[in-house]
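Since this is a predicted model, take the numbers as computed values, not measurements.
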Amino acid sequence: AFIDRFFPLPNFGGGSFSAGNYRTVVPQAPADDNVFGRIDHRFSDRHSLFGSYVYDESNRGGIFTASIPTVGYRQGYRRDQNIIVSDLFTINPHMFNEVAAGWTRDHNLQLGTVLGPDVEKLLGLQGVNVMNYPMLPQMNIAGLTTPTISTTSGSYQDVADETYFLRDNISWVSGRHRMKAGFLVTQGRDARVSPQELIDGFFGTYTFSNNFATRSEEHTSELQSPCN
C-alpha cells in the first residue's frame, strides 16, 4: 500500500527511463484579500484624532518541498494586521504634540498535504500514538527514492510575530527654525507553536534492505522502475 501510494507507475520516458519517469501537474489557486479602514475625528481646531486598520490575508499556493511529487506540496497561508491610533494637539501657533500607538501582527502558517497518522495507518502500524502533523515517517526501501519532506522549507510552521509601539513627539516651528523632540518605545514578540519545524524521522524510521527477502535482486529491480 505504501508503494502504491507514493510510487505510481511511470508515465514519462518509456521503459528506458529508470529515474525522472513520473510527471504531474498540480493546479494552483492563490488568493489575496485586503481590507483597509480609517476613522478621523476632529474635537476642535486644536485637537484631532485618527485611527487606521489594515488587514491582508493571502493563500500563496502550493510549493513542492519533497523528494518526490507524490508526497504533495506545502500550502502557505499568511495573515497580516496593523492598527495605528494617533492624537494630534496644537499647544500654540508654534508648537504641537503628537502621540501615536500601534500594533502589527504577521501570522505565517505552512501546512503539508500528507499527515503522519494517515501514513501510519497506510503502513498498518498498531499501538502507535501519532500527533496530527504533516510529516512522513522515514521509510527507506532498497532501490527506491526515500519519500521525505524538506525540513529547510518547513512542512509545518505556525508563527505569529507581533510588534507594539508607543511614540510621542513635540514640534516647535518659528520662522525658518524647526525643532522636534520625543521618544519611541517598541516591543517585539515571536510566538512559535511547537514544533516549529519537524525533522525527518519525527514519526520513526523504517528500513527495508531486502537482505532476507527471496529473489532479492529481481525484487529490487522491479521496485526501481517507478523511481524518481
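Residues Phe96 and Trp172 do not share a hydrophobic cluster, defined by chaining ILVMFWY side chains whose heavy atoms lie under 4.5 Å apart. Residues Met95 and Phe89 share a hydrophobic cluster, clusters being chains of Ile/Leu/Val/Met/Phe/Trp/Tyr side chains in contact below 4.5 Å. One hydrophobic cluster, built from ILVMFWY side chains closer than 4.5 Å, cannot hold both Val99 and Phe43; they sit in different ones. In terms of hydrophobic clustering, with Ile, Leu, Val, Met, Phe, Trp and Tyr side chains grouped at heavy-atom distances under 4.5 Å, Tyr164 and Ile83 are assigned to a common cluster.
The nearest pair of heavy atoms linking Arg105 to Ala160 is NH2-CB, 3.3 Å. Between Asn92 and Thr90, the closest heavy-atom pair is O-CG2, 3.3 Å. Nearest heavy-atom pair across Phe36 and Ser52 is CE1-CB, 4.3 Å.
Here the side chains of His107 and Tyr77 are not in contact, with every heavy-atom distance at 4.5 Å or above. With contacts defined as side-chain heavy-atom distances shorter than 4.5 Å, the pair Asp56/Asp32 qualifies. For the pair Trp103 and Glu162, the minimum side-chain heavy-atom distance is below 4.5 Å. Using a 4.5 Å heavy-atom threshold, the side chains of Phe165 and Leu184 count as touching. The shortest side-chain heavy-atom distance between His94 and Val173 does not fall under the 4.5 Å cut-off. Proximity of Tyr53 to Gln81: side-chain heavy atoms (C-beta onward) are separated by under 4.5 Å at one or more points.
Checking each of Ile84, Asn82, Thr104 against Val54 for a side-chain contact (heavy atoms from CB on, under 4.5 Å) leaves exactly one that passes, namely Asn82.
Between Asp40 and Arg38, at least one side-chain nitrogen of the basic residue sits less than 4.0 Å from a carboxylate oxygen of the acidic one, meeting the salt-bridge criterion. Ion pairing of Asp161 with Arg189 is absent here, as no side-chain N (NZ or NE/NH1/NH2) approaches a carboxylate O to less than 4.0 Å.
The structure places CZ of Arg46 at 11.5 Å from CG of Leu88, a figure rounded to the nearest 0.5 Å. Interatomic distance, OH of Tyr55 versus CG of Asn34, reported as 10.0 Å (0.5 Å rounding). In this structure, the separation between CZ on Arg78 and OG on Ser58 is 7.5 Å, given to the nearest 0.5 Å. Separation of atoms CD (Glu57) and CG (Asp33) is listed at 6.5 Å; rounding is to 0.5 Å. Note that CZ of Arg79 and CG of Leu109 are 9.5 Å apart. Values are rounded to the nearest 0.5 Å.
Side chain to side chain, Asn97 and Asp168 meet the donor-acceptor criterion of an N or O pair below 3.5 Å. Residues Asp87 and His47 have side chains that bring a donor and an acceptor to within less than 3.5 angstrom of each other.
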**Request:** Could you please spell out the steps behind the side chain to side chain contact (heavy atoms under 4.5 Å, CB included) verdict for Ser86 and Glu98?
**Result:** CA-CA 7 Å; Ser86 178; Glu98 180 191 15; 2.9 Å; yes

**Request:** Test Ile39 against Leu49 for side chain to side chain contact (heavy atoms under 4.5 Å, CB included), laying out the working first.
**Result:** CA-CA 8 Å; Ile39 297 177; Leu49 176 75; over 6 Å; no

